[in-house]
2 protein chains.
Amino acid sequence: MIRNLTEQDKEHLQEALVKSGQKVTPQREAVFTVLLAERDHPTVDEVFHRAREVMPGLSLATVYNCLETFVGCGLVRQVNHERESTRYCPNLAPHAHFRDKATGRVHDIELPPEVLKSLRSILPPGFDSEVIEISFHGRAQAGEQHSN
Amino acid sequence: MIRNLTEQDKEHLQEALVKSGQKVTPQREAVFTVLLAERDHPTVDEVFHRAREVMPGLSLATVYNCLETFVGCGLVRQVNHERESTRYCPNLAPHAHFRDKATGRVHDIELPPEVLKSLRSILPPGFDSEVIEISFHGRAQAGEQHSN
DNA sequence: CTTGCAGATTAGACTCATTCTAACTGTGTT
DNA sequence: AACACAGTTAGAATGAGTCTAATCTGCAAG
Ligand SMILES: [Mn+2]
Ligand SMILES: [Mn+2]
Ligand SMILES: [Zn+2]
Ligand SMILES: [Zn+2]
């Protein structure tokens, strides 16, 4: 269930960390592995429990630290929905999030470049946006499986 | 600075409250007045302090209650940005939010119907969204005054 | 080798926005 | 008057997230 990182993934991790002057550690590998294994936008706590199965001594503080580090070096995105616990997403392609009212699950929604562009175009001159967050909230029919 | 509600606004408030089986109270009027007076997306605490100037006995709990009530009956929108305190917005037209990195201020960004439509169109069949939240984060040049 | 250092990890304390609880108030009804 | 009921209130509780201070872990210098 928590299969190991591919060589590709390891390189991706290492490059991003080293590029921002930080080290690859067993804890960071474990946390990153968890994020890639199941792309269901886990909360910190969920990451913590999953990672512990493979590294029992891991602390919650370290999970917070690792995730912050990953966000900082662009390996992972933070996903916020209203006041709920922060979730984490390793999908680096531009996408929106859909939270299912019924299940609480969060799905990735592909964001085509032209839609992104039309969104940017609504900003009046003088407004320069680095981050755009788009989140939907509603119902997804069962059967509409994870476009996770 | 906290000028009174117009007859229009009073009717709007009353209608929304009564329609959902709730009462118009002095506290609710005060909180609503604060929201309409300065449309700068205040936090609960900011609403609290502003409303107190006009109603010194008002409690923080009541401000939370009023705002929740208003959101519930569609008088006001909640605005979330990452993990910051929740803000409140009485602008009922469809719009996005832009948070200025430098000042922390939140600006309303008009959302034209065709952009809203193109956004809805990215949802795969089976996904039915009731709420769409769009937030930008970046820098607004001074001089780009409140498109509040 | 030792030692020193810097970054990383850890447990636990702490913060603070928000929620909850239980007492109280005000208004309208029997 | 006694009651019902929504709303208000102060303060306690919650809990995600942050901070602190004590280790740990490589690695590099002496
Ligand atoms: Mn969100
Ligand atoms: Mn937001
Ligand atoms: Zn995602
Ligand atoms: Zn707004």
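No contact: A/Leu60 has no heavy atom under 4.0 Å from any strand. No engagement by B/Thr43 is indicated, since no non-hydrogen atom pair under 4.0 Å with the nucleic acid exists. Within 4.0 Å (heavy atoms only), A/Asp45 reaches no atom of the nucleic acid at all. Residue-level contact check: B/Thr62 touches the bases, meaning some heavy atom is under 4.0 Å from a base atom.
Projected onto DNA chain D by closest heavy-atom contact, A/Tyr64 and B/Gly21 fall at different nucleotides, the more 5' of which corresponds to B/Gly21. If you find the closest nucleotide of DNA chain D to A/Glu68 and to B/Leu58, the one lying nearer the 5' end belongs to B/Leu58. Remark on DNA chain C: of its neighbouring residues B/Glu84 and B/Lys23, the 5'-side contact belongs to B/Glu84, judged by nearest-heavy-atom nucleotide.
Under 4.0 Å is where a charged nitrogen must lie from a carboxylate oxygen, and between A/Asp40 and A/Arg50 at least one such pair does.
In this structure, A/Glu82 atom CD and C/dA17 atom C1' are separated by 16 Å, rounded to whole Å. In this structure, CZ of B/Arg52 is placed 7 Å from P of D/dA10, rounded to the nearest angstrom. Atom CG in B/Leu13 sits roughly 12 Å away from atom P in D/dG7 (whole-Å rounding). Note: CG (B/Asn80) to C1' (C/dA17) measures 12 Å, nearest angstrom. If you take CD of A/Glu46 and P of D/dA16, they are 11 Å apart, rounded to a whole angstrom. In this structure, B/Met55 places its CE atom 13 Å from C1' of D/dT9, rounding to the nearest Å. The nearest whole Å value for the distance from the CZ atom in B/Phe70 to the P atom in D/dG7 is 11 Å. In this structure, A/Leu67 atom CG and C/dT9 atom C1' are separated by 14 Å, rounded to whole Å.
Taking only side-chain nitrogens and oxygens, A/Arg83 comes nearer than 4.0 Å to OP1 or OP2 of C/dT18. Contact annotation: A/Gln27 does not reach the phosphate of D/dT25 (side-chain N/O to OP1 or OP2, under 4.0 Å).
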Show your working on side chain to side chain donor-acceptor pair (under 3.5 Å) between A/Asp9 and A/Thr6 and close with a plain yes or no. CA-CA 5 Å; A/Asp9 295 334; A/Thr6 66; 3.1 Å; yes
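With values rounded to the nearest 0.5 angstrom, B/Gln27 atom CD is found 6.5 Å from B/Cys66 atom SG.
When the nucleotides C/dT18, D/dT8, C/dT9 are ranked by their closest atom to the side chain of B/Thr25, D/dT8 comes out on top. For B/Ala61, the side-chain atoms get nearest to C/dC20 when compared with the rest of C/dC20, C/dA17, D/dA16. Considering only side-chain atoms of B/Arg28, the nucleotide from C/dA8, D/dT8, C/dT10 that sits closest is D/dT8. For A/Gln22, the side-chain atoms get nearest to C/dA8 when compared with the rest of C/dA8, C/dA11, D/dG17.
Around the CD atom of B/Glu84, the shell of radius 6.0 Å holds more than 12 heavy atoms that belong to other residues, nucleotides or ligands. Applying the 6.0 Å contact sphere to CD of B/Glu114 captures more than 12 heavy atoms from other residues, nucleotides or ligands.
Classified by interplanar angle (parallel below 30°, tilted 30° to 60°, perpendicular above 60°), the ring pair B/His41/B/His95 is tilted.
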